[in-house]
Participant: 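This structure is in structure tokens; I'll ask about it shortly.
The analysis underlying the following values was restricted to heavy atoms, covering all of them including side chains, and did not include hydrogens, waters or symmetry mates. All values reported here derive from a predicted model rather than from experimental measurement. Per chain, numbering begins at 1; letters A, B, ... match sequence-line order.
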There are 2 protein chains.
Amino acid sequence: MDGGAENTDNKRRTSWKKDPEAVKENILAIATEEFAAHGLSGANINEIARKTSTSKRMIYYYFGDKEGLYCKVLEGVYSSLRRSEDLLDVGGLEPEQALRRLVEATFDAHANAPHFIRLVMIENIHNGDYLRKSEIVPKLNRSIIDKLEEVCARGKAKGVFRKGVDALELHWLISSFSFYNVSNRATFSASFGASIFAQPRQAILKQRVTDMILAAVVIGYQPDSWS
Amino acid sequence: MDGGAENTDNKRRTSWKKDPEAVKENILAIATEEFAAHGLSGANINEIARKTSTSKRMIYYYFGDKEGLYCKVLEGVYSSLRRSEDLLDVGGLEPEQALRRLVEATFDAHANAPHFIRLVMIENIHNGDYLRKSEIVPKLNRSIIDKLEEVCARGKAKGVFRKGVDALELHWLISSFSFYNVSNRATFSASFGASIFAQPRQAILKQRVTDMILAAVVIGYQPDSWS
DNA sequence: CATGAATTTAACCGCTGGGTACATTTAATT
DNA sequence: AATTAAATGTACCCAGCGGTTAAATTCATG
């Protein structure tokens with residue numbers, strides 16, 4: 001990530017001994033780890049600095065203060081998850097298959113983005129105060145709703161989706177499964193064991209929630225597994 | 001809660017000018033507020049002490065240190081939620097109605113226990129380290145599973161529940177809705193507005209998830225709302 | 001090569017906040 | 001009344017941590 005001087009870098013700066021962009025990226029990466037691990041108040045700036053390839057002073061130089069750094073970290077994980085969602089193209093699939101694909105992909109995406117999950121949890125502890133300040137986030141979140149709305153519209157037009165189906169509600173449903181499955185592993189395991197979070201139970205769970213969503217949306221849907 | 005001298009109190013202590021039990025309760029109540037509001041590292045012992053009817057010294061006298069206090073708070077909200085669950089009796093209902101009742105009650109219980117939700121979120125941020133240490137919690141959590149298992153058994157015996165239905169999986173499902181609905185309000189609202197968390201949308205949501213669970217469990221179930 | 005803005009270093013600071021020392025009061029016991 | 005142990009009040013400590021100061025280094029530019 002640091003490597004040599006990237007002369008491919010455009011803008012007005014060609015090659016510095018130490019590239020500020022790389023430094024910023026490095027700080028952000030470490031800070032993401034630390035905030036995700038310990039929360040806003042729990043994370044330690046000195047510790048973040050120590051793990052960085054640069055110094056504490058640089059953190060303040062580039063990000064102002066602890067909260068400024070936290071905000072950038074938050075924006076980073078949000079846009080990173082949404083970017084991965086944008087890669088998913090369900091335009092070529094029939095509405096039922098498109099929805100199934102969206103649910104499965106969301107489930108998997110959450111399972112594979114523990115940093116995102118933890119930072120969203122942390123941000124909720126802070127009542128969304130920092131997310132609300134961000135300008136970048138609101139527009140990011142349209143894409144997933146748009147995608148769901150498009151699928152719903154096609155499903156209704158084709159006559160296979162129920163009338164009452166609402167994209168936002170659907171998103172809430174899909175997120176609740178997918179998020180909880182990661183966010184509450186620790187306490188759930190402490191109470192009931194971790195078996196449900198290992199294979200093959202996870203695969204079964206994904207199948208189950210997908211079927212439940214489809215059953216709620218698609219007229220006359222009858223999953224194979226529901227004898 | 002303080003009132004007069006409780007001579008009904010057994011043990012070896014009859015009446016003190018200042019009842020230590022009441023002091024402990026008072027500390028716990030305030031600490032619950034503060035930890036739920038700010039997290040483990042975010043909460044401030046001096047601030048907790050200030051809001052108490054006693055002094056910081058007493059907190060350390062009764063709870064040892066910050067983490068000890070946090071543990072007791074955690075145990076408190078857990079047992080409080082489970083106690084409210086125990087009040088729910090579905091023994092007299094047919095399996096389908098019993099399950100419906102359990103889902104609705106869980107949904108409502110979570111919506112009405114914001115402290116519990118926040119503290120569980122916080123505990124998950126800490127990877128369940130403190131919950132795992134607690135001896136009181138593991139046994140508390142049996143009751144809800146037992147209740148679900150009993151309903152499932154009756155439903156299968158009656159021939160109205162599917163064979164594959166598993167109580168733990170069911171609990172995971174019901175919890176995911178109910179928990180996420182409260183835990184992620186802030187960030188969800190920041191992204192998509194708060195309309196879904198107000199009436200009448202909440203009632204619709206509850207209805208929807210209940211129907212989804214029943215459809216997944218009860219053979220041939222067809223909710224009215226699913227045209 | 002002098003200028004100066006951008007970038008980086010190292011040392012430093014003050015206060016917050018978890019935790020403690022020690023004296024003192026209270027109520028049961030003898 | 002004297003003794004004792006639990007319960008409490010007050011003042012204090014001090015390390016950790018967020019944030020800063022001031023100066024040095026790097027490189028484009030005239």
Side-chain angles (χ1 to χ4, degrees), chain A residues 2 4-7 9-28 30-31 34-35 37-73 122 126 130, chain B residues 2 4-28 30-31 33-35 37-73 122 126 130:
Chain A
D2 193 319
E6 17 239 333
N7 41 19
D9 198 5
N10 42 7
K11 313 232 169 170
R12 57 178 167 284
R13 183 165 306 110
T14 52
S15 78
W16 273 58
K17 182 183 176 184
K18 284 194 175 179
D19 183 357
E21 295 306 316
V23 171
K24 270 202 234 182
E25 276 310 308
N26 176 244
I27 293 173
L28 267 181
I30 302 291
E34 292 295 305
F35 281 127
H38 309 293
L40 175 48
S41 48
N44 182 325
I45 291 278
N46 289 317
E47 183 66 8
I48 293 174
R50 204 184 55 73
K51 294 186 177 175
T52 312
S53 63
T54 177
S55 66
K56 178 162 73 160
R57 182 65 186 80
M58 284 296 91
I59 296 175
Y60 287 93
Y61 182 67
Y62 286 124
F63 298 97
D65 58 7
K66 197 184 190 183
E67 296 192 353
L69 179 58
Y70 171 78
C71 282
K72 292 300 182 191
V73 164
I122 288 161
H126 292 285
Y130 303 94
Chain B
D2 194 319
E6 17 237 334
N7 40 20
T8 62
D9 199 3
N10 42 7
K11 314 231 170 171
R12 57 179 166 283
R13 184 164 306 112
T14 53
S15 78
W16 274 58
K17 182 182 175 186
K18 282 195 176 178
D19 184 358
E21 295 307 315
V23 170
K24 271 201 232 180
E25 277 310 308
N26 175 243
I27 293 173
L28 267 181
I30 303 291
E33 294 279 339
E34 293 294 305
F35 281 126
H38 309 293
L40 174 49
S41 48
N44 183 326
I45 291 278
N46 289 316
E47 182 66 7
I48 293 174
R50 205 184 55 73
K51 294 187 176 173
T52 314
S53 63
T54 177
S55 66
K56 179 161 73 161
R57 178 71 185 74
M58 285 295 92
I59 295 175
Y60 286 94
Y61 183 65
Y62 286 124
F63 299 96
D65 59 6
K66 197 184 189 183
E67 296 191 354
L69 179 58
Y70 170 79
C71 283
K72 293 301 181 191
V73 163
I122 289 161
H126 293 284
Y130 302 94

Participant: Identify whether any heavy atom of Y61(A) sits under 4.0 Å from a base atom; if not, whether one sits that close to sugar-phosphate; answer base, sugar-phosphate or nothing.
Facilitator: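 Since a base atom lies under 4.0 Å of Y61(A), the category is base.
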Participant: Closest to the M58(B) side chain: dT8(C), dG18(D), dG9(D)?
Facilitator: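 Side chain of M58(B) sits closest to dG9(D).
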Participant: Please list, one pair per line, the donor and acceptor atoms closer than 3.5 Å that link side chains of residues 37-49 of chain B to other protein atoms, with sequence neighbours excluded.
Facilitator:
unit_1 : atom_1 : unit_2 : atom_2 : d
S41(B) : OG     : S41(A) : OG     : 3.1
S41(B) : OG     : G42(A) : N      : 3.4
N44(B) : OD1    : N46(B) : N      : 2.7
N44(B) : OD1    : E47(B) : N      : 3.3
N46(B) : OD1    : K56(B) : NZ     : 2.9
E47(B) : OE1    : R50(B) : NE     : 3.4
E47(B) : OE2    : R50(B) : NH2    : 3.0

Participant: May I ask you to say what A43(A) touches in the nucleic acid, namely base, sugar-phosphate or nothing, with a heavy-atom cut-off under 4.0 Å?
Facilitator: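 Sugar-phosphate: the residue A43(A), judged by heavy atoms under 4.0 Å, touches backbone atoms but no base.
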Participant: Do nucleotides 11-16 of chain D as a string where each nucleotide becomes B, S or -: B if the base has a protein heavy atom under 4.0 Å, S if just the sugar-phosphate does, - if no protein is that close.
Facilitator: ------
Participant: Rounded to whole angstrom units, what separation is found between the CZ atom of R50(B) and the C1' atom of dG17(C)?
Facilitator: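 Spelled out: CZ on R50(B) to C1' on dG17(C) is 14 Å.
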Participant: How close or far is atom C1' of dT10(D) from atom OH of Y60(B), stated in whole angstroms?
Facilitator: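 These atoms are roughly 16 Å apart.
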Participant: Round to a whole Å and report the spacing from NZ of K24(A) to P of dT7(C).
Facilitator: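 These atoms are roughly 8 Å apart.
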Participant: Distance from L69(A) atom CG to K72(A) atom NZ, nearest 0.5 Å?
Facilitator: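 If we round to the nearest 0.5 Å, L69(A):CG and K72(A):NZ are 10.5 Å apart.
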Participant: Can you give me the closest heavy-atom contact between K66(A) and Y60(A), atom names plus distance?
Facilitator: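 Smallest interatomic distance, heavy atoms only, reads N-CE2, 4.5 Å.
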Participant: Whole Å only: how far is the CD1 atom of I48(B) from the C1' atom of dT16(C)?
Facilitator: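 From I48(B) CD1 to dT16(C) C1': 15 Å.
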Participant: Does dT8(D) have OP1 or OP2 sitting under 4.0 Å from an N or O in the side chain of S55(B)?
Facilitator: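 False: S55(B) side-chain N/O out of range (4.0 Å or more) of dT8(D) OP1/OP2.
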Participant: Can you name the nearest heavy-atom pair linking K24(A) to F63(A), along with the distance?
Facilitator: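 Nearest pair, atom of K24(A) first, then F63(A): O-CZ, 4.1 Å.
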Participant: Using whole Å, report how far CD1 of I45(A) lies from P of dG18(D).
Facilitator: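 Interatomic distance, CD1 of I45(A) to P of dG18(D): 6 Å.
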Participant: How many whole angstroms separate atom CD of E47(B) from atom P of dG18(C)?
Facilitator: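 Result: 10 Å.
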Participant: Give me the residues of residues 63-71 of chain B where at least one heavy atom lies under 4.0 Å from an atom of DNA chain C, by number, or none.
Facilitator: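 Heavy-atom cutoff 4.0 Å gives D65(B), K66(B).
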